[in-house]
Amino acid sequence: LTLHDQLDYDAVGALHTFNVTILAEDEGTTPMSATLQIRLRLTDINDNKPRFTPPFYSKSECEDLVTGSSILQVVATDKDSNLHDDFSYQLVSGNVGGTFRLTATGWLVLVESLDRETRDQYWMTVRVQGASVTDSTTAN
């Protein structure tokens, strides 16, 4: 049994189970034969990069926003099955003065008061990581 094409669990319309029948037949005067049924079940691996949807985030807030407020949620998806949707999020740059924190579910939360006269804009980079692949995006 030889595979002619690559199998991809995540391809649109991909089959996840294959039923194969193998027939063996001899060339005797009275041909004898036998069949073998094989069921091949394809399993998913975590081979697709997570992507942010949308790829960039922008949000305006008033400087009197209460600390502890949730500002926005970054969301990532990938083409892998739901078995591999366990993402972790991390603020990797731009979190000046530790003004924000990012929850495990991707919510950007205010932890220090905002002051527009001191700083009127934040450009942050968020990294999302699946079990084996990573992506990052910018939020401002």
Parallel, tilted or perpendicular: rings of H16 and Y9 (30°, 60°): parallel
Check: T99 main-chain N/O paired with N95 side-chain donor or acceptor under 3.5 Å: yes
T125 and S93: side chain donor to acceptor below 3.5 Å: yes
Contact summary for G97 and E112, nearest pair of heavy atoms: O-CG, 4.1 Å
Close side-chain approach of Q37 and N19, heavy atoms under 4.5 Å: no
Straight-line distance of D8 CG to D44 CG, nearest 0.5 Å: 8.0 Å
Closest approach of P50 to D78 (non-hydrogen atoms, all atoms of both residues): CA-CB, 3.8 Å
Nearest non-hydrogen partners of L114 and C62, listed with the distance: CD1-O, 3.9 Å
Whether Q73 side chain and T105 backbone form a donor-acceptor pair below 3.5 Å: yes
Residues, nucleotides or ligands: over 12 heavy atoms within 6.0 Å of R116 CZ: no
Close side-chain approach of M124 to L108, heavy-atom, < 4.5 Å: yes
Minimum side-chain heavy-atom gap I71-L65 below 4.5 Å: yes
pair L7-F18: side-chain heavy atoms closer than 4.5 Å: yes
Side-chain heavy atoms of L91 within contact of V126, under 4.5 Å: yes
From CA spacing to verdict: side chain to side chain contact (heavy atoms under 4.5 Å, CB included), V75, F87: CA-CA 9 Å; V75 177; F87 302 124; over 6 Å; no
Over 12 non-hydrogen atoms of neighbours within 6.0 angstrom of CD in E117: yes
Residue pair V111 / G98: nearest heavy atoms and the distance that separates them: CG2-O, 2.9 Å
Least distance between heavy atoms, W107 atom then S70 atom: CE3-CB, 3.6 Å
Separation of L72 CG from Y57 OH (nearest 0.5 Å): 7.5 Å
pair L110-F100: side-chain heavy atoms closer than 4.5 Å: yes
Side chains of T103 and V109 in contact at under 4.5 Å (non-hydrogen atoms): yes
ILVMFWY cluster, L42 and L3 together (side-chain gap under 4.5 Å): yes
